[in-house]
Each structure stands twice: as structure tokens, then as C-alpha cells.
S.K.: 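Below is one structure. I have some questions about it.
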Amino acid sequence: MPETPNNVLITGTDPADETSLLDILDHVLNAGVIIRGNLVISLAGVDLVYVGLDVILTSVETAFKHMKVEARTPERIK
Amino acid sequence: MAVESVEHSGLRCFVSESKSPTSKEIQDDALTFHRVLKDIFQQAAIIPFRFPTTLADRSDVIAHLREHSEEYASTLGRLRDLVQMELRIQFKEISGPQTSANPSGTEYLRNIQARREKLEMVAQELRQLGEPAIKDWRQRHSNDGIRCFALIDRTTVIDFQRKIGNIPVQSEFTARLSGPWPATQFLSEE
């Protein structure tokens, strides 16, 4: 027997709703303007790597967990 | 943390001081960031920065605004009364029907292509039914289906939700409409 069609589910932008929470995190982390700045990731006072700001965004939680992250603008990084 | 506004070149940018947050704090910060965006977005068009975007100090914010003021002002003018609704369409079955137990590479790719075409057809149907409220439309495939973005007038959100919510979707798919969101998929003109 064929299944009956279902309707489009409507969700809002309220973080209390679990589905919306995932959408919200997706939007704040993946949508919007990216400033082409750079981040310097330092460990024990030593600058380790220079990464584009858009690159760090996907792994920022891990980066913040383990390292000190200092923001600098491109002009200041020579 | 307090949210401050920085004004320059006719634009207002909202910022707050940042420290290196812990893993737990970063999710709370992301949600706070969302709440601030939402509050302002309820009153006016906005251009969100991805979270977290960090600049060294206030003068760098002003320098950024100065450099991009024309582009941002033009975008805000274009999107003044518009919002973005997002429609995600997926297959209920994640892997999809296999034509054989061990499909060849060609068979596998054909299967993927067929699924993409089906998703595009559903997206097209929903787009047509959502007309004429839709001012612009963009879509792209994702790992789990297709994501469609409809640009609509802020005043038509409730009607649009009602209209799309009443559309039956074939049983092999799930479709979910979320929003209104800032029109981040329409910041650039195509």
C-alpha cells in the first residue's frame, strides 16, 4: 500500500526547540560575512601557525580548548 | 558581555569584547550571538559576521567599516525588507535503494545522480507553489539532501509558512522549512 504524503514541517528560530538549535548553530557558524583576517595560534607563548579566519571557524572549539588564540589583523602580521 | 555599537560611514556595527572562551562557553556565546542578531534583525536588515569573528580593537572595526561601507550600504539597501527562508529536503532513507548488493562505480554514480534529480524536482515543485512570494531563490546540494533558500518580503513570512506547510510532499522525502533568517545566502548578487 502506498504511503500517504507528509506535509512540510515548519520550524522557527527559537533555541528552545532542539531542531532549531541545530539550525541556529549551523547559521551562526556557517553563514555570514567572513573577514579575511588571520589568527595566530600560540602555545606556551610561541606562535605556531597562521591560519585564515574562515579556516579556524570549523575547528574553533578544539582550538580554544587547547590553545590560546590571539586575534590580529592582517596589517599587524608581517 | 556588553554589546556596544560602533558607527561609521552611516553603518552601525555591534561588537562585544572577547576573551578566550572554554569549550562550554563557546556554545553559550554562539547562542547569545544568535539572540543579539535576532533582536536586531526583527527591526532591520542586517549583515551577520560568522561566529566567532574577532578583530584586535575598535579601530580595526572602524577600518573594516570604512573599507567596506559602500558594499555593505548597498547590500543593506537591497535587502532592506527581505528575509531568507530555508527549505531542507531529504530522502527518508539515507542510503537509498540499491540496484544490486555491490553496485559498480558507474551504477553508484547513476544512483546518486538519480537521487539528486529527484530532490531537484521536489525543490522545483515547492518553489513553484511558493510563488509569487519568492523574490529570489538559491539552492545547493548537501551531504544529506538539498538546501533551498527563498528570499521573501518580511511581511509575508506567516503566509509563506502557512502556504508551504500545507503542501504535501511525497512519502519518500522529508521537507522542513525554517526561518526567517537574515538573508546571508543573498549577500552577493548573482
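In what follows, chains carry the letters A, B, and so on, assigned in the order in which the sequence lines appear, proteins first and then strands, with residues in each chain numbered from 1. What you are looking at is a predicted structure, and each value in this text was computed from that prediction instead of being measured. Atom set for the values below is all heavy atoms of this structure, side chains included, hydrogens, waters and symmetry mates excluded.
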S.K.: Should the heavy atoms of other residues, nucleotides or ligands under 6.0 Å from CZ of B:Arg138 be counted, would the total exceed 12?
M.R.: yes
S.K.: Run through B:Thr53, B:Thr184, B:Ile47 and flag the one making a side-chain contact (heavy atoms from CB on, under 4.5 Å) with A:Val33.
M.R.: B:Ile47
S.K.: Exactly one of B:Phe33, B:Phe51, B:Trp181 should register a ring pair (Phe, Tyr, Trp, His ring centres under 6.0 Å) with A:His27. Which one does?
M.R.: B:Trp181
S.K.: Side chains of A:Ile24 and B:Arg35, heavy atoms from C-beta outward: is any pair under 4.5 Å?
M.R.: no
S.K.: Identify which part of B:Arg162 has an atom lying under 4.5 Å from any heavy atom of chain A, answering side chain, backbone, both or neither.
M.R.: neither
S.K.: Nearest 0.5 angstrom please: B:Arg50 CZ to A:Leu29 CG, how far?
M.R.: 9.0 Å
S.K.: Check whether B:Ile164 gets within reach of chain A through its side chain, its backbone, both or neither, counting any heavy atom under 4.5 Å.
M.R.: both
S.K.: Measuring from atom CD1 of A:Ile10 to atom CD1 of B:Ile158, what distance do you get when rounded to the nearest 0.5 angstrom?
M.R.: 10.5 Å
S.K.: B:Met121 and A:Val8: same hydrophobic cluster, using ILVMFWY side-chain contacts below 4.5 Å?
M.R.: no
S.K.: For chain A, which of B:Asn166, B:Ile89, B:Ile46 has the most heavy-atom pairs under 4.5 Å?
M.R.: B:Asn166
S.K.: How far does CG of A:Leu22 sit from OG of B:Ser178, to the nearest 0.5 angstrom?
M.R.: 11.0 Å
S.K.: Any side-chain heavy-atom pair from B:Arg88 and A:Asp23 closer than 4.5 angstrom?
M.R.: yes
S.K.: Is it the backbone or the side chain of B:His68 that comes under 4.5 Å from a heavy atom of chain A, or both, or neither?
M.R.: neither
S.K.: Quick one, B:Glu86 with A:Thr11, criterion side chain to side chain contact (heavy atoms under 4.5 Å, CB included). Give me CA distance, side-chain angles, the key distance, then yes/no.
M.R.: CA-CA 10 Å; B:Glu86 179 173 351; A:Thr11 59; over 6 Å; no
S.K.: Of all heavy-atom pairs between A:Asn6 and B:Phe173, which one has the smallest distance, and what is that distance?
M.R.: ND2-O, 3.3 Å
S.K.: Quick check: closest heavy atoms across A:Asn7 and B:Pro168, and the distance to 0.1 Å?
M.R.: OD1-CA, 3.6 Å
S.K.: B:Gln84 versus chain A, heavy atoms under 4.5 Å apart: side chain, backbone, both or neither?
M.R.: side chain
S.K.: Of all heavy-atom pairs between A:Val28 and B:His34, which one has the smallest distance, and what is that distance?
M.R.: CG1-CB, 3.9 Å
S.K.: Heavy-atom distances under 4.5 Å only: say whether B:Leu126 touches chain A with side chain, backbone, both or neither.
M.R.: side chain
S.K.: Taking everything shown except B:Glu70 itself, do over 12 heavy atoms lie less than 6.0 Å from its CD?
M.R.: no
